[in-house]
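To find a chain, count down the sequence lines: A is the first, B the second, and so on, and within it residues start at 1. As the structure is a prediction and not an experimental result, all values here were calculated from the model.
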Protein chains: 2
Amino acid sequence: MIAVVSLLTALDRSGHRATEPRRAVATLIAAQPGHFTAAELVAAARARRLGIGRATIFRTLDLFAELGLVERLELPTGGHAYVACEPTHHHHVVCSSCGRTVDVGDLGLADVAREVGRRTGYRIDTHRFELYGLCPVCAAEARTTEPAAEPAARPAVGSTVGPARR
Amino acid sequence: MIAVVSLLTALDRSGHRATEPRRAVATLIAAQPGHFTAAELVAAARARRLGIGRATIFRTLDLFAELGLVERLELPTGGHAYVACEPTHHHHVVCSSCGRTVDVGDLGLADVAREVGRRTGYRIDTHRFELYGLCPVCAAEARTTEPAAEPAARPAVGSTVGPARR
DNA sequence: GGTCCGAATGATACTGAGTATCATTTGTTC
DNA sequence: GAACAAATGATACTCAGTATCATTCGGACC
Ligand SMILES: [Mn+2]
Ligand SMILES: [Mn+2]
Ligand SMILES: [Zn+2]
Ligand SMILES: [Zn+2]
């Protein structure tokens, strides 16, 4: 969940044009409750008969990712997905069954990264930290239903838990 | 760097056949000093006139990844690469300029993951933690040469630093 | 050593994500 | 309302990864 205006003002402040297609994509992104794939955005654009080219959607996603308002993450399946976030540093917990994503703050990771830099001599610039597991809903489901736990249909929903410290 | 026998015994112990192509791929993997892409393996196989099909290389990489002897990581560029590792849980520091990879142990990450589980209610199964930055060599280079720091040609080399605790 | 059978292979063809190109359109600045 | 660079979208392309399936092969058992 992110406000459309956040996306638009970020465009303006970075010296990029607020074109019609970009506004449209921003609206689509803002409407996404959880994480989404590029293909899903393309489908959404087509469904609403916006005349946006596929290339433009990829370009716009890249742009917002550069601006830090959208983050690209790699699912355990190997595919890619995006989440719209306020551009503060934080990480994601992803349900490997339904895809529900929750934000978490740094929780001491910065210290770990610093320590890694000290030990390895690397000048650490960025890190990637993603957690995968079962969300409470899916965990409950897995407990009640037969032990044959099949992945659910994936009603991806986003939410936020925990203070995004720092 | 990994020993060929580690790969082969892992095959055997998991009930998979030690076929000729798999031995060959294992040898190729063991010869890789740092991280490598699937395409690079394919090229290496072709260069040495081993008659291994492309599909088999992908299949074998997947297999070794399942067995935990090879880890697939996502480069900051968006591409994928593999590193051969002893199958103990650890993480990677990757030089964003030359690709040199260094192993690091858990360094308190397990605690962070546990804390995330507590706060979010997720049952955390796995996590992904990768660090990117400049290795000492590239950092020195960047300091001596013009401030116009272009990424170098990428002579990927692997090494290990720090106790892989746990 | 020979038989047998499922596992594994590789040739081929396919999918799907992402990108290059380039003539046309559009946002912004003056 | 020009003017001009930035952005678009149609098209065609590349490249990673995968499905298919007839053929081969490893290894278990005798
Ligand atoms: Mn987020
Ligand atoms: Mn490693
Ligand atoms: Zn779930
Ligand atoms: Zn380096």
Side-chain angles (χ1 to χ4, degrees), chain A residues 7-29 35-67 70-83, chain B residues 7-29 35-67 70-83:
Chain A
L7 293 162
L8 264 34
T9 59
L11 273 187
D12 193 45
R13 293 207 305 184
S14 59
H16 289 92
R17 293 183 179 172
T19 66
E20 192 50 40
R22 281 178 182 163
R23 289 172 204 272
V25 172
T27 306
L28 288 180
I29 290 177
H35 61 93
F36 54 92
T37 65
E40 281 166 1
L41 269 203
V42 171
R46 159 165 303 195
R48 302 192 193 179
R49 295 278 189 284
L50 316 168
I52 307 174
R54 210 172 66 97
T56 297
I57 290 187
F58 277 96
R59 283 191 283 237
T60 307
L61 277 173
D62 282 353
L63 178 56
F64 283 135
E66 267 169 36
L67 298 182
V70 152
E71 191 175 330
R72 177 171 152 156
L73 43 89
E74 189 180 12
L75 304 177
T77 61
H80 291 138
Y82 298 82
V83 263
Chain B
L7 293 163
L8 264 34
T9 59
L11 272 188
D12 193 45
R13 292 205 306 182
S14 60
H16 289 92
R17 295 185 178 170
T19 67
E20 193 49 42
R22 281 179 181 161
R23 289 172 206 272
V25 173
T27 307
L28 288 179
I29 290 177
H35 61 93
F36 54 92
T37 64
E40 282 166 1
L41 269 204
V42 171
R46 161 164 303 195
R48 301 190 194 181
R49 296 279 189 283
L50 317 168
I52 307 175
R54 211 172 65 96
T56 297
I57 291 187
F58 276 97
R59 284 190 283 238
T60 307
L61 278 173
D62 282 353
L63 178 56
F64 283 136
E66 269 169 35
L67 298 182
V70 152
E71 191 175 331
R72 178 173 152 156
L73 44 89
E74 189 180 12
L75 304 177
T77 61
H80 291 139
Y82 298 82
V83 263

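For the OP1/OP2 pair of dG17(D) and a distance below 4.0 Å, the side-chain nitrogens and oxygens of H80(B) include at least one atom meeting the criterion. At the phosphate of dG18(C), neither OP1 nor OP2 sits under 4.0 Å from any side-chain N or O atom of R54(A).
Rounded to a whole Å, the CD1 atom of I57(A) is 14 Å from the P atom of dT19(C). Rounded to whole angstrom, the span from the NE2 atom of H16(A) across to the P atom of dA5(D) amounts to 17 Å. When rounded to the nearest whole Å, the span between CD of E40(B) and C1' of dC15(D) equals 14 Å.
When all heavy atoms of L67(A) and A10(A) are compared, the closest pair comes out as CD1-O, 4.0 Å. For the residue pair I57(B) and V42(B), the shortest heavy atom distance occurs at CD1-CA, 3.7 Å. When all heavy atoms are compared, the tightest approach of V70(A) to Y82(A) is CG1-CD2, 3.5 Å. A pairwise comparison of heavy atoms in L11(A) and A18(A) identifies CD1-CA, 4.1 Å as the closest pair. Closest heavy-atom contact between L7(B) and A26(B): CD1-O, 3.6 Å. Closest heavy-atom contact between R22(B) and R17(B): NH1-O, 2.8 Å.
For R72(A), the side-chain hydrogen bond (donor to acceptor under 3.5 Å, both in side chains) partners are H80(A), not counting sequence neighbours.
Between A55(A) and F58(B), the residue whose closest nucleotide on DNA chain D is further toward the 5' end is A55(A).
Relative to the side chain of A38(A), the nucleotides dA17(C), dT9(C), dG18(C) differ in distance, and dG18(C) lies closest. Which of dG10(C), dT18(D), dA16(D) sits closest to the side chain of A39(B) comes down to dA16(D).
Using a 4.0 Å heavy-atom distance criterion, G51(B) is classed as a sugar-phosphate-only contact. Within the nucleic acid shown, D62(B) comes within 4.0 Å of sugar-phosphate atoms alone, with no base atom in reach, counting heavy atoms only. Residue contacts for R46(B): at a heavy-atom cut-off of 4.0 Å it reaches no nucleic acid atom on any strand shown.
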Strictly under 4.0 angstrom, non-hydrogen atoms only: write out the protein contact profile of nucleotides 21-26 of chain D, one letter per nucleotide from the 5' end, B, S or -.
----BB
Side chain to side chain contact (heavy atoms under 4.5 Å, CB included), that's the test. Do L28(A) and L50(A) meet it? Break it down for me.
CA-CA 11 Å; L28(A) 288 180; L50(A) 316 168; 4.1 Å; yes
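Direction change of the helix axis from one end of the helix from dG1(C)-dC30(D) to dC30(C)-dG1(D) to the other is 50°, with five pairs defining each end axis (rounded to 10°).
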